Novice: 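If you scroll down you'll find the structure; I have some questions about it.
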Protein chains: 2
Amino acid sequence: MKSPNQNVKIDGIDKKILRFLMEDARKPVLEIARSIGISGAAIHQRLRKLEASGLLVGSKFVINPKVMGYTTMAYIGIYLDKAMSNPRAVKQLEKIPEVLECHYTTGNWSILIKILCMDNEHLMHVLNKEIQQIEGVSRTETFISLAQQIDRQITI
Amino acid sequence: MKSPNQNVKIDGIDKKILRFLMEDARKPVLEIARSIGISGAAIHQRLRKLEASGLLVGSKFVINPKVMGYTTMAYIGIYLDKAMSNPRAVKQLEKIPEVLECHYTTGNWSILIKILCMDNEHLMHVLNKEIQQIEGVSRTETFISLAQQIDRQITI
DNA sequence: GCTGAAACCACTTGCTC
DNA sequence: GAGCAAGTGGTTTCAGC
């Protein structure tokens, strides 16, 4: 893998391969090969090229957190003191495993995070005992996600 | 895959397997087998059980949207008219491919979405010509993500 | 719940066009 | 530059314990 290239050329075959594998990373390459009409080796060659271009970043197993008891998802907008730099706050947020995403945003807040907790009590604990304790965090606004109704990657 | 079970028992071996595969879904099962000290067939058996329990939902190839020119990510809070039901709005949002996530949230908005666009012009177009045109959408608030600094799944 | 063998598949290499 | 065929080693199934 090199540094990402902003000028990657993707043809229709690449798109078909990626569409299959974005749905199921362990789908047999030979199945894809048969459905497209080229050899498995050719698919491999293309995948290596896509990885080298930086388009293909990797693959992940997806687990359902509800089955492990994580049923409370929330977004939290964080206000930082002027003196607190964003990277220092992010470093602290990284240490909290319940924090799944962290964005440096325009608008009201300095930071918008997504967190996943077991229940409301757990959420309250993370909020009061972890996030609010970070130096420079002045105020937070919490939005609980009652249901996640869409979750996908971009369409290629 | 059956209906998700809230009482799944996961032992240390399952956790090790999942931790490997959540990082790289195509990691050779035999490598994992050797590092844990059981046979590849045993790993496979455990994976099938984890899938049947609903914990393991699937696997995905991860692509880097920046390489395809998608550089502008934003969160949008959407206010719905009282008369507009959430499911009907979600149905419309599903048709907009730039919408990657959609949450039914407590707090100010009815809906919070994450969208990914090529640039600010593209974002403006999706906002004005797609989202604002949905029946029942009264007002929106946009927060552009200048940088996504954390992106991960829950730790098991 | 695990193992080992057999069948199938992934991935590499060397070649052809 | 892109494809194929064959070879090595990994994946997956299944009988057996």
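Just so it is clear: chains get the letters A, B, ... in the order the sequence lines come, proteins before strands, and each one is counted from 1. Small disclaimer: the values here were computed from a predicted structure and weren't measured.
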Novice: Would you say A:Gln148's side chain and A:Ile150's backbone share a donor-acceptor pair under 3.5 angstrom?
Specialist: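 Checked: pair present.
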Novice: Could you list the protein-to-nucleotides 15-17 of chain C atom pairs, N/O on both sides, closer than 3.5 Å?
Specialist:
none

Novice: Counting distance only, does the side-chain N/O of B:Arg152 pair as donor-acceptor with the main-chain N or O of A:Val99 below 3.5 Å?
Specialist: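 Answer holds: yes.
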Novice: Anything under 3.5 Å between a donor and an acceptor, one on a side chain of residues 104-111 of chain B, the other on a protein residue two or more places apart or in another chain? List them.
Specialist:
from, atom 1, to, atom 2, distance (Å)
B:Thr106, OG1, A:Ile144, N, 3.0
B:Trp109, NE1, B:Glu141, OE1, 3.3
B:Ser110, OG, B:Leu80, N, 3.3

Novice: Nearest-Å distance, CG (B:Leu21) to P (D:dT12)?
Specialist: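 That distance rounds to 10 Å.
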Novice: For a quick check, with a 4.0 angstrom heavy-atom cut-off, what is the B/S/- contact string for nucleotides 2-14 of chain C, read 5' to 3'?
Specialist: BBB----SSBB--
Novice: Do B:Gln133 side-chain atoms and B:Asn128 backbone N/O form a donor-acceptor pair below 3.5 Å?
Specialist: yes
Novice: Donor-acceptor check, side chain of B:Thr155 to backbone of A:Pro97, threshold 3.5 angstrom: yes or no?
Specialist: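 It does not hold such a pair.
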Novice: Compile the donor-acceptor pairs under 3.5 Å between side chains in residues 19-26 of chain A and protein atoms, sequence neighbours left out, one pair per line.
Specialist:
from, atom 1, to, atom 2, distance (Å)
A:Arg19, NH1, A:Ile156, O, 2.2
A:Asp24, OD1, A:Arg26, N, 3.0
A:Asp24, OD1, B:Ser59, OG, 3.2
A:Arg26, NH1, B:Ala25, O, 2.4

Novice: Rounded to whole Å, how long is the line connecting atom CG of B:Leu50 with atom C1' of D:dT12?
Specialist: 16 Å
Novice: Figure out the CD1/C1' separation between A:Ile17 and D:dG3, and round it to whole Å.
Specialist: 12 Å
Novice: What pairs meet the ring pair (Phe, Tyr, Trp, His ring centres under 6.0 Å) rule with one or both residues in residues 40-74 of chain B, with sequence neighbours excluded?
Specialist: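 For residues 40-74 of chain B: none.
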Novice: Give the rounded distance in Å between these two atoms: CD1 of B:Ile10 and P of C:dG1.
Specialist: 12 Å
Novice: Among pairs that include at least one residue of residues 71-94 of chain A, which meet salt bridge (Lys or Arg N to Asp or Glu O under 4.0 Å), considering only residues two or more places apart or in two chains?
Specialist: A:Arg88-A:Glu135
